[in-house]
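Scroll down for the structure; my scribbles are underneath it.
Just the heavy atoms: all of them, side chains too, but no hydrogens, waters or symmetry mates, feed the values below. Labels below follow one simple rule: chain letters A, B, ... track the order of the sequence lines, proteins then strands, and each chain is numbered from 1.
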Amino acid sequence: MDKIHLLSKISIFHELPVEALQALDSLTLTKHVQKGDVFLSPDDNINTLYLLKKGQVRLYQLNAVGKQFTVDILGSGNVLSEASALSEQKNFLYAEAMTDTMLCVLSKHDFKKFMSNHPEVAFQFITLLTKRLNDVYIMSQKIALEDVKYRILYLLLRFAESPSDKEWAKIRYRLRHQDIATMIGATRETVSNTMSQLKKEHLIKSGMSLYIHTYKVHHLLETRGISS
DNA sequence: GCATTAAATCCCC
DNA sequence: GGGGATTTAATGC
């Protein structure tokens, strides 16, 4: 698949005409990273924007004793290292490729210039970042106020594929219990325990991938007065 | 309710 | 087959 087509799949560039995509294409470099590679660290002084063309990336932080906190998992069409690309802030997250991943790299200078020529991109960008910020706000509220069971359910709802007219919604990422644990501030064992409990309650099921019973879960959260 | 520890079992390279 | 991931159980706060 050609690069320009892939660029159009990046959500903030969705609506751009072909000429604009071609102009953008000439400004970017393609980078491949393998599954498991940590390709960004807090100490990196990068000054670039990464466009995630293909793959799955986990953003996380480390504390002094090496425990991880996963801030977000991003799929194709997303952007990362926006703090370094937009402001004078340093990158403060680790980025790990959860699958083999293809990225486009765009310098801060070129990105700013491109945005001023295409204000609609700036608007899309703000929309995307605001949505992500909201997700993090809500997750921190869940971690502070809810039990592990409801933190997991909230997380899975967030990662469930959207056309959920079916009873069971598929979870869009391949998540290990370890990944879930680092996102909700619990141990892997507690996640395992809680997940098997949720299976017994028929709120989730696993086959080739993980599924969540959106109707039951929404109902459960409502009756408990938890916003979802 | 959850972390911790430990031991058993599962799964994939 | 072996190492990582998951599961289960016991115990303590």
Hey, could you give me each pair passing salt bridge (Lys or Arg N to Asp or Glu O under 4.0 Å) that has a residue in [range]? Not counting sequence neighbours.
{"range": "residues 10-27 of chain A", "result": "A:Lys3-A:Asp25"}
{"range": "residues 62-78 of chain A", "result": "A:Asp72-A:Arg158"}
{"range": "residues 46-63 of chain A", "result": "A:Arg58-A:Glu96"}

Sorted by position of nearest nucleotide on DNA chain B, 5' first, the leading residue of A:Glu189 and A:Thr194 is A:Thr194
To the nearest Å, how far apart are [X] [atom1] and [N] [atom2]?
{"X": "A:Ile152", "N": "B:dG1", "atom1": "CD1", "atom2": "C1'", "answer": "13 Å"}
{"X": "A:Ile143", "N": "B:dG1", "atom1": "CD1", "atom2": "P", "answer": "18 Å"}
{"X": "A:Arg188", "N": "B:dA8", "atom1": "CZ", "atom2": "C1'", "answer": "13 Å"}
{"X": "A:Arg151", "N": "B:dC2", "atom1": "CZ", "atom2": "P", "answer": "6 Å"}
{"X": "A:Lys142", "N": "B:dC2", "atom1": "NZ", "atom2": "P", "answer": "15 Å"}
{"X": "A:Asn193", "N": "B:dC2", "atom1": "CG", "atom2": "P", "answer": "11 Å"}

Nearest heavy-atom neighbours spanning A:Leu80 and A:Leu49 =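 Smallest heavy-atom distance, with atoms named: O-CD1, 3.6 Å.
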Compute the bend angle of the helix from B:dG1-C:dC13 to B:dC13-C:dG1 from the end axes (five pairs per end), rounded to 10°.
-> 20°
Can you list, by residue number, the residues of residues 173-185 of chain A that have a non-hydrogen atom closer than 4.0 angstrom to DNA chain C?
->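 Per residue number, the list reads A:Arg176, A:His177, A:Gln178.
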Heavy-atom distance under 4.5 Å between the side chains of A:Thr182 and A:Phe69, does that happen here?
->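 The answer is no; the side chains never approach within 4.5 Å.
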What nucleic acid atoms does A:Val191 come within less than 4.0 Å of, heavy atoms only: base, sugar-phosphate, or nothing?
->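 Here A:Val191 touches no strand at all.
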When you list every nucleotide of DNA chain C with an atom under 4.0 Å from a heavy atom of chain A, which one comes first 5' to 3', and which comes last?
->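 Reading along DNA chain C, I get C:dA5 to C:dT8.
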Side chain to side chain contact (heavy atoms under 4.5 Å, CB included) partners of [X], counting only residues at least two apart:
{"X": "A:Ser26", "result": "none"}
{"X": "A:Leu62", "result": "A:Tyr60, A:Gln68, A:Tyr94"}
{"X": "A:Asn91", "result": "A:Leu40, A:Ile46, A:Ser84, A:Leu93"}

Scan residues 31-51 of chain A for pairs that pass side chain to side chain donor-acceptor pair (under 3.5 Å), counting only residues two or more places apart or in two chains.
->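 Of all non-adjacent pairs touching residues 31-51 of chain A, those that pass side chain to side chain donor-acceptor pair (under 3.5 Å) are A:Asn47-A:Lys108.
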Quick one: side chains of residues 172-180 of chain A, donor-acceptor pairs under 3.5 Å with protein atoms, not counting sequence neighbours, listed by atom name and distance.
{"residue": "A:Arg172", "atom": "NH2", "partner": "A:Ala160", "partner atom": "O", "Å": "3.3"}
{"residue": "A:Tyr173", "atom": "OH", "partner": "A:Gly75", "partner atom": "N", "Å": "3.1"}
{"residue": "A:Arg176", "atom": "NE", "partner": "A:Asp179", "partner atom": "OD2", "Å": "3.3"}
{"residue": "A:Arg176", "atom": "NH2", "partner": "A:Asp179", "partner atom": "OD1", "Å": "3.1"}
{"residue": "A:His177", "atom": "ND1", "partner": "A:Ser192", "partner atom": "OG", "Å": "3.0"}
{"residue": "A:Asp179", "atom": "OD2", "partner": "A:Arg176", "partner atom": "N", "Å": "2.9"}

Return the nearest nucleotide to the side chain of A:Asp147; candidates are B:dG1, B:dT5, B:dA3.
-> B:dG1
Phosphate oxygens OP1/OP2 of B:dA3: is one of them under 4.0 Å from a side-chain N or O of A:Thr187?
-> yes
Contacts under 3.5 angstrom, residues 131-139 of chain A side chains, donor-acceptor by atom type, not counting sequence neighbours:
{"residue": "A:Arg132", "atom": "NH1", "partner": "A:Glu82", "partner atom": "OE2", "Å": "3.4"}
{"residue": "A:Arg132", "atom": "NH2", "partner": "A:Asn78", "partner atom": "OD1", "Å": "2.9"}
{"residue": "A:Arg132", "atom": "NH2", "partner": "A:Val79", "partner atom": "O", "Å": "2.4"}

